[in-house]
**Student:** 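One structure is given below, represented as structure tokens, and several questions about it will come after.
We number each residue from 1, following the sequence as shown.
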Amino acid sequence: MAPFRQSVEAQIKSATTDQESRLPKASITDAKGWAGANGFKIKDPLMLLHIYDPYVRDHDVKVHTWQIQVMTLFAHGKLPDKVLRIAACANNGSGKSQFLIAPCAVWLAMANVEANCVITSASGTQLDRQTFYAVSRLCRFINELHGEILWKINYRSLTFIPTKSKIQLFATDDAGLAEGYHTLRPDGEFAIFVDEAKTVTEPIFEALARCNNLTRRLDVSSPGAPSGHFYGCFESERWHRFKVTYRDCPHISQDEVDEARERFGENSAWFRSAYLAEFCSIDEMLVMTFEEVMRAYRTPPVALPTGIRYGGLDLAAGGDENVFSIFDGNKQIAMPCFRYDDTTDAVDHVKGLINRYKIPPENVNADDGGVGKSMIDQLWKDGFQVNRVLNQTRAIDNATYGNRGAEMWFNFAIFLKNLDLVLFDDDALRRQLATRYYMQGAVHGKIVLESKRVARAKGHGSPDRADGTVLALADKEYPLYSNEHLVKNSRLLRRRSPKDIIAEYDKNKYSFSGVDARGDKPKSAPVYGYMGASRN
């Protein structure tokens, strides 16, 4: 085994030294000139990219060193009567589909007669949007360059006409689909590729292991939990293993890494998984720990109200709790909680609170999901045009977060951890802030929050009060106040000068216009539970 590894290392070193030396010297416009008795005369997947991918050919995109190493090993690392097994662990967005699976599969099909390439992933969406897209895109480049249909492209099925080789793709939602694949001819090449292997279940891998006459195997994925088949690849000497960190990916900026390190912590499971390619137990993590929440309560900053209020509105129906979290400057001054069986009554109550606390409707962020949508529609119809915020929409930082809801929670955590807020004194709010769980998405690897349904099943409780509080800060940026006690980016605080705010604070003239900071109970409140009180 050692001489084999040494020879492979020498080939990789040679390939890495000079990509340009691997370009073909013959014309690339005549398909017949490239076809040989045993397939197209293309040395390896790297050469194929340099010939056919216009972005690589024109140096608009540079292939990374680790990608060169994997492609070179895939082409030159096979010994007679041995199965070549390669596992590559790299973060999302590193080019696993585009620069590993696609060129390796296409090269094998073009360089060999009747080769069979099978590609699978746990998600049909992942398979279509990334893997199949990357493979079919490269095949189209080949057809365009030769000016004829060499690759016949159908949905999840591609055939290279000159060699009669096939590339087949399927999603692993049925173990039966993983069985029955084999070589197309005696002594032919047969390769299996598994994209995002961490999400594929063990029955699928067992079925793939029953496929006969396998010659090559390439499993790629971002890291997951330290268990399962993909993790086992990195514990086995039968596999050639590649771990790709952010240092191996020049397209990942140091600024991005530094920001993630500051936000999540260098020793956090998320940072180690996303940027250091480490297998971590990240299935269930807390956005904010109990210690961090209690520190925010025990050592709050100076309260600097501005007189211009804003809030977050978490809406519900059927007797569930509605929450209106109200802020003035950096202080949460009230958090009315109420329940109604009829959403019309709940909407009327919201309108009453907006008027009572003198909050401009455009300063209220309301949950637009589920029943909240119809309730916001009614508010708009009645002239209260609150801001619609839907947790399931695309995150602003789409590379890190699976949706806007997760992003808002982590942005709020920045305020809390940096002691930028004076939070409302409420046991339920403290508990909910300290028990909001997140996980890494199984397919895309991005941060997503634990669903309320799952939270209830695990006994975590519904975080209605915390959601309302987070919503209030949805459109704010840290810090709310600079050293001069003025928010730099909030439109709410631009209406008052720093001198006015500091002068009022220094003279201790702040007034809440007679409103109790805890939010006094309205005199007439039918079927009303205030501040978490039990329903009458």
**Student:** As an exercise, state the distance from CG of L46 to OG1 of T72, rounded to the nearest 0.5 Å.
**Tutor:** 6.0 Å

**Student:** Any salt bridge (Lys or Arg N to Asp or Glu O under 4.0 Å) involving residues 391-405? Give me the pairs, sequence neighbours left out, ordered by first then second residue.
**Tutor:** R404-E407

**Student:** How would you list, by chain and number, every residue that makes a side chain to side chain contact (heavy atoms under 4.5 Å, CB included) with K164, sequence neighbours excluded?
**Tutor:** E114

**Student:** By the definition ring pair (Phe, Tyr, Trp, His ring centres under 6.0 Å), identify the one residue from Y401, W409, F410 that meets it with Y438.
**Tutor:** F410

**Student:** Between D219 and R85, does any side-chain N to carboxylate O distance fall below 4.0 Å?
**Tutor:** no

**Student:** Could D377 and K373 be called an ion pair, given the rule that one side-chain N must be under 4.0 Å from one carboxylate O?
**Tutor:**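 Looking at K373 together with D377, the answer is yes, because their closest N to O distance falls below 4.0 Å.
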
**Student:** How far apart are the closest heavy atoms of Y246 and L276, and which atoms are they?
**Tutor:**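 Shortest heavy-atom separation between Y246 and L276 comes out as CE2-CD2, 3.8 Å.
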
**Student:** Could you check whether W107 and H76 have their ring centres less than 6.0 Å apart?
**Tutor:**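 When the ring centroids of H76 and W107 are compared, they turn out to be at least 6.0 Å apart.
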
**Student:** Any carboxylate oxygen within less than 4.0 angstrom of a Lys/Arg side-chain nitrogen, looking at K243 and E278?
**Tutor:** no

**Student:** Does the ring center of F74 lie less than 6.0 Å from the ring center of H240?
**Tutor:** no

**Student:** Exactly one of T289, L286, V293 should register a side-chain contact (heavy atoms from CB on, under 4.5 Å) with L433. Which one does?
**Tutor:**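 That would be V293.
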
**Student:** So V194 and L208, do their side chains get closer than 4.5 Å, heavy atoms only?
**Tutor:** yes

**Student:** For R137, is the CZ atom crowded, meaning more than 12 foreign heavy atoms sit under 6.0 Å from it?
**Tutor:**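 Result for CZ/R137: enclosed.
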
**Student:** Apply side chain to side chain donor-acceptor pair (under 3.5 Å) to residues R140 and S136 and explain how you reach the verdict.
**Tutor:** CA-CA 6 Å; R140 288 190 180 91; S136 60; 3.3 Å; yes

**Student:** If we check side-chain contact (heavy atoms from CB on, under 4.5 Å) with C117, which of these qualifies: I192, V135, L108?
**Tutor:** L108

